[in-house]
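Below: the structure, in structure tokens.
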Amino acid sequence: MSGKHTKRANGDNDSAGHVVIEPPAADDGAALWRIARDSQKLDLNSSYAYLLWCRDFADTSVVARVDGNPVGFVMGYRRPTAPDSLLVWQVAVDDSQRGRGLAGKMLDALFERAVADGVRYLDTTITPDNEASIRLFGSFAKRWDATLERSDFLAAEQFPDPHEPEDLFRVGPLNPPAG
């Protein structure tokens, strides 16, 4: 495990195990695919996409581990046309770790690195009915003393398959939480 960007999640308890948050390794893709699949909430990408993501976008993503095993992740990328923005593609937490605030801790760990590298905005898309994600990013904005803006992004009709619309959420400018 990389010690440079490793972070212990606060609020660990013995029954849930010690949580370490760090960039994903190239071979974490299969585990991340399973976590996404088991969430039954995320759009599931191909297993190949998760394997590539862990290799090519490790610098803009994090994985949470308990006893060395992935139990959550945040996948993101810097937009080529807006390098001061990092788009969060997916956030997922294994059922065994839910209720510990792990999604927020992973976002904080990722953006502590990203802000140090010039990122000033978090972008993400969320379907209007995904209240948990809306709360997650609203809490992130409060912790980071940033504005959260919501705008229309993709209409349901734009998707070639049945899909809810996706709203664009933008958080920033980012100010790291104190303490």
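Just so you know, these numbers come straight off a predicted model, no measurement behind them. Computed over heavy atoms, backbone and side chain alike; hydrogens, waters and symmetry mates excluded.
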- Task: Dump the intermediate steps for side chain to side chain donor-acceptor pair (under 3.5 Å) on Ser47 and Arg37, then the final yes or no.
- Result: CA-CA 10 Å; Ser47 57; Arg37 177 199 63 198; over 6 Å; no
- Query: Is there any side chain to side chain donor-acceptor pair (under 3.5 Å) pair reaching into residues 132-142, and which pairs are they, with sequence neighbours excluded?
  - Reply: Asn130-Ser133
Go through the structure and list residues passing side-chain hydrogen bond (donor to acceptor under 3.5 Å, both in side chains) with [X], not counting sequence neighbours.
X	result
Trp33	none
Thr124	none
Arg55	none
Arg78	Asp117

- For Ser151, side-chain contact (heavy atoms from CB on, under 4.5 Å) partners two or more places apart: Leu168
- By side-chain contact (heavy atoms from CB on, under 4.5 Å), Ala30 pairs with (sequence neighbours left out) Arg34
If you look only at distance, which donor and acceptor atoms sit under 3.5 Å apart when one is on a side chain in residues 155-163 and the other is two or more places apart or in another chain?
| unit_1 | atom_1 | unit_2 | atom_2 | d |
| --- | --- | --- | --- | --- |
| Gln158 | OE1 | Ala155 | N | 2.7 |
| His163 | NE2 | Asp43 | OD2 | 2.8 |

- Task: Scan residues 80-92 for pairs that pass salt bridge (Lys or Arg N to Asp or Glu O under 4.0 Å), counting only residues two or more places apart or in two chains.
- Result: none
- Apart from Leu51 itself, members of its ILVMFWY cluster (side-chain separation under 4.5 Å) are none
- Message: I'd like to check the ring-ring contact (aromatic ring centres under 6.0 Å, His included) partners of Phe111; sequence neighbours left out, ordered by chain and number.
- Response: Phe140
- Message: Going by the rule ring-ring contact (aromatic ring centres under 6.0 Å, His included), which residues pair with Phe153 if we only count those two or more places apart in sequence or in a different chain?
- Response: none
